[in-house]
Amino acid sequence: MKRTRALLLPLVLLGMQACWLGIWIGVVESAVQGGRSITACSLCFMAMGMVAFLLLRRLRARRITIEGLYWLLWCLLSAVVGKLLLFAHMPWADPAWLTALPQAALRLVFETRPAELLLLAGTGVAWYLGRRSASSPLHYGRLLGDFQFGLVLILIALLLSHAVGASSHGHVLLALAFFALSLTGVALSRGEEGSDAASLLARKHFSSSLLSFVAIVSTAGLLVSIAVTPEVISAVVDSLKYVWQLIERAMAFIASLVPAGEIEPEGPPASATGDDTSLLEFYHSMPIPALLKRILYLLYVTMVAGLLLFGLWRLCGQVLEWLKRRSRTAGIELEALDAGFLSDLLALVRWLGRKLGRVWQGIRTRVNPRRTTATPTVAGLYADLLRWAGKRLRPRQPAESPYEYQAALQGLLPSAGDDLALMTQTYVCTCYGGYRAESADIEALGRASHRIRHSRRLRKPDITTKEEETG
Amino acid sequence: MKRDHGCSEQDAGRLKQAADRFKENVGRVMVGKSDVVELCFVALLCEGHILLEDVPGTGKTTLAKAIARSMEGGFHRIQCTPDLLPSDVTGIHYFNQKTGAFEFRPGPIVSNIVLVDEINRATPRTQSCFLESMQERQVSADLETVKLPRPFMLLATQNPVELEGTFALPEAQLDRFLLRLSVGYPSAAEESGMLDRFRDHQPLEALESVLGKGELELLQATSRDIHVSEPVRDYMTAVCRATRIDPVLRLGASPRATLALQQASQALAGISGRDFVIPDDVKRLAVPVLAHRVLLQTSASVHGATNASAIEQLVSTVPVPIE
């Protein structure tokens, strides 16, 4: 059962991602393209990406090599698919089909080539998601987070679909499939973590629980489809439009306060009508350089998207809060959406900060090589060990103490037991004991860290075993 | 490595030696259970009170007696029954015919180690007379207030199974116990060893004191000097605060519990030979210090959760500070 679950979880996650990505590509496709559908081939990219990453990982090459090969493969495959789908009439020898996709990427926002851009974005995202499903360990929190993320994306996509008047026939089915897969995935992962009761799957009633989930989701979907009619959605969208018009008017009013000399006299005041056309004319007639205009346009689009996302986020957060309050007596577990988003956002910012910091450090090192001789600290060496062990062996759980983590690592690196103990002991003494490490201690730590990185691993870390240990 | 403040490694070493001596002495009577004895010594160093909760026959009273015999000082025992009166505990004023005046005769509570056996059999009125002595180390009878001798430690036992004719301890009183411990059944080997040891004689009778009053006071002062770094302090606070927002719990840990957790962690670090507290100390003490101070939601208890399991679950979610 455990092996089946380990096999099923990545597939379930892949299915969940395929559902929301399918909806998104469908919506965008119906809005900007008119040619051949690329949804199916984008979703195939996801499965291909997963398989490709698993195969590449067997090469046991450096991480950067694997990543490079993986994305090179994507470039090649997307070019070939682009040729087959969009430039079937061109001969293979003509390089125009090969340059069409990079051109689409370069003309990203303004003079876009919709079909190529969509193909590029769709296959890129699918390829990334395939790698993501294959690379990181799957557990209850991850599945729950993906469910929430997908839920918000589907909501946005459905609203967009209505706004652009796209057909949403297949989207409802995909949304239902997403719900069914999410519930299955959450239940499977919960069962795997050895939960006491919540999951029927933990008690091996897989088929009955799956059927129950599908039945519940289908009934819920039916009820929602009865309650949420196009008129209701229209009313919501109209009210959103009205609110947005008010904001536009306010912005135009603020713009009208700028002295008239800075604006061309013939420019019609956009705030007077609040009409989209006049606003566009006003925008085109503004006496500012084209580049600045583009930047302003980009900022405007970002702001609108951000506001919409924020509104949705708050709305979903409130709904989930309400559900959470209601569920206290029902024994359901819900993670607060806003907290989830915030932590994701912070993680993204931290990740970007770390990347930029490394780049900056690299530049500084190249400019002034003497800087590299800065004395490392105990905390720095220990943090390096955590980063290395997190990537190569097993990430530290947030609630794990240094000694608990040391014990877990010793199981994976038995030959480095003494060095791990030394590093942990020194770190604990300096971090919690208020001790100051001397240069000899730091040198010894550096040597221990080096030995740990070059010691032989006993066995490959098994995801299920790890989760049992931490659970 | 060097450090400029707090108690030294030698002081912590002295604490460890004393703890080892104490454990060895009590271990002559209590077969196995060294972890429980260790936690009892933690309470002794913090001058805190212990609630021993377990089914009959697991050695609660024996453990309490062994602890009392292992240290210097007076020892009294109060056997709680429904007809026990507060004056039976605190003492009474009686008319001395020789002097022709009322004189105070202290009750059994006025001692260094007091064993309150089956505390939940006493009525709430009698139970409440322990509150003052447990927190303020004094008793009031009529208009007289008597300071209790130091160190003062109350060891209470209760049976959680047999609830007929008992009165559950109020939250205010539970909060005053530093630790709640469960002795538990011995393993097969321990039980066999126990049979062998208790065949000819009662080892409890032969137990001698291994800890002087003065020494204990010194050790208590050393324990209070154990270094608690800011990250560990923040971790303790986070654990206690988490109990207040945990949806599974109806009542979270009090600020007194946070203080108790710090004191107990200091003592545990000391008897482990360390002169500073680490998050592992806090984790180990979270259940004995916090479990009896929180209240579960009814829905959670219906689903089989216990106070201890709720605290364990909570501790497994609070992030340990790593720089």
Side-chain angles (χ1 to χ4, degrees), chain A residues 141 193 195-198 321 324-336 343 377-383 385-387 390 395-407 422 424-442 444-445 469-471, chain B residues 1-9 12 226-236 238-239 242 245-250 265-266 269 272-284 286 297-306 309 312-323:
Chain A
E193 284 182 4
S195 154
D196 49 352
E321 273 297 314
K324 204 172 172 183
R325 281 201 300 276
R326 294 284 306 157
S327 66
R328 275 189 185 169
T329 50
I332 305 166
E333 287 185 36
L334 286 168
E335 193 184 349
S343 61
T377 59
V378 175
L381 284 168
Y382 189 72
L385 174 74
L386 287 187
R387 265 196 295 276
R396 189 186 77 88
Q397 304 298 316
E400 226 169 11
S401 73
Y403 283 120
E404 286 168 342
Y405 189 50
Q406 179 207 329
L422 174 72
T424 310
Q425 175 71 19
T426 315
Y427 173 72
V428 163
C429 285
T430 50
C431 178
Y432 306 128
Y435 282 90
R436 279 182 290 111
E438 290 170 0
S439 55
D441 298 319
I442 292 175
L445 275 194
E469 277 168 15
T470 52
Chain B
M1 286 199 282
K2 288 178 179 172
R3 206 178 80 187
D4 309 326
H5 52 85
C7 92
S8 65
E9 278 182 35
I226 298 277
H227 177 66
V228 186
S229 63
E230 204 174 322
V232 176
R233 220 175 317 160
D234 291 344
Y235 179 60
M236 285 178 202
V239 168
I245 53 170
D246 191 346
V248 173
L249 299 174
R250 186 153 48 97
S265 302
Q266 283 176 304
S272 307
R274 253 181 293 110
D275 53 354
F276 58 90
V277 178
I278 58 173
D280 301 72
D281 298 325
V282 182
K283 280 186 165 190
R284 189 180 160 198
Q297 290 282 7
T298 318
S299 54
S301 52
V302 166
H303 284 104
T306 59
S309 68
E312 273 168 11
Q313 173 69 25
L314 189 138
V315 169
S316 69
T317 57
V318 177
V320 170
I322 295 271
E323 275 175 11

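Atoms considered below: every heavy atom in the structure, side chains included; atoms not considered: hydrogens, waters and symmetry mates. Letters A, B, ... are given to chains in the order of the sequence lines, protein chains preceding strands, and every chain is numbered from 1.
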Heavy-atom closest contact ([X] atom, [Y] atom, distance):
| X | Y | answer |
| --- | --- | --- |
| A/Y432 | B/V277 | CB-O, 3.6 Å |
| A/C431 | B/P231 | O-CG, 4.3 Å |
| B/P279 | A/S401 | CB-CB, 4.5 Å |
| B/V320 | A/E400 | CB-O, 3.7 Å |
| A/E404 | B/D280 | CG-OD2, 4.1 Å |

Residue part contacting chain A, namely of B/V302, when any heavy atom lies under 4.5 Å: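 Interface part for B/V302: neither.
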
Is it the side chain or the backbone of B/V248 that comes within 4.5 Å of chain A heavy atoms, both, or neither? neither

Could you give the distance from SG (A/C429) to CG (B/D275), rounded to the nearest 0.5 Å? 8.0 Å

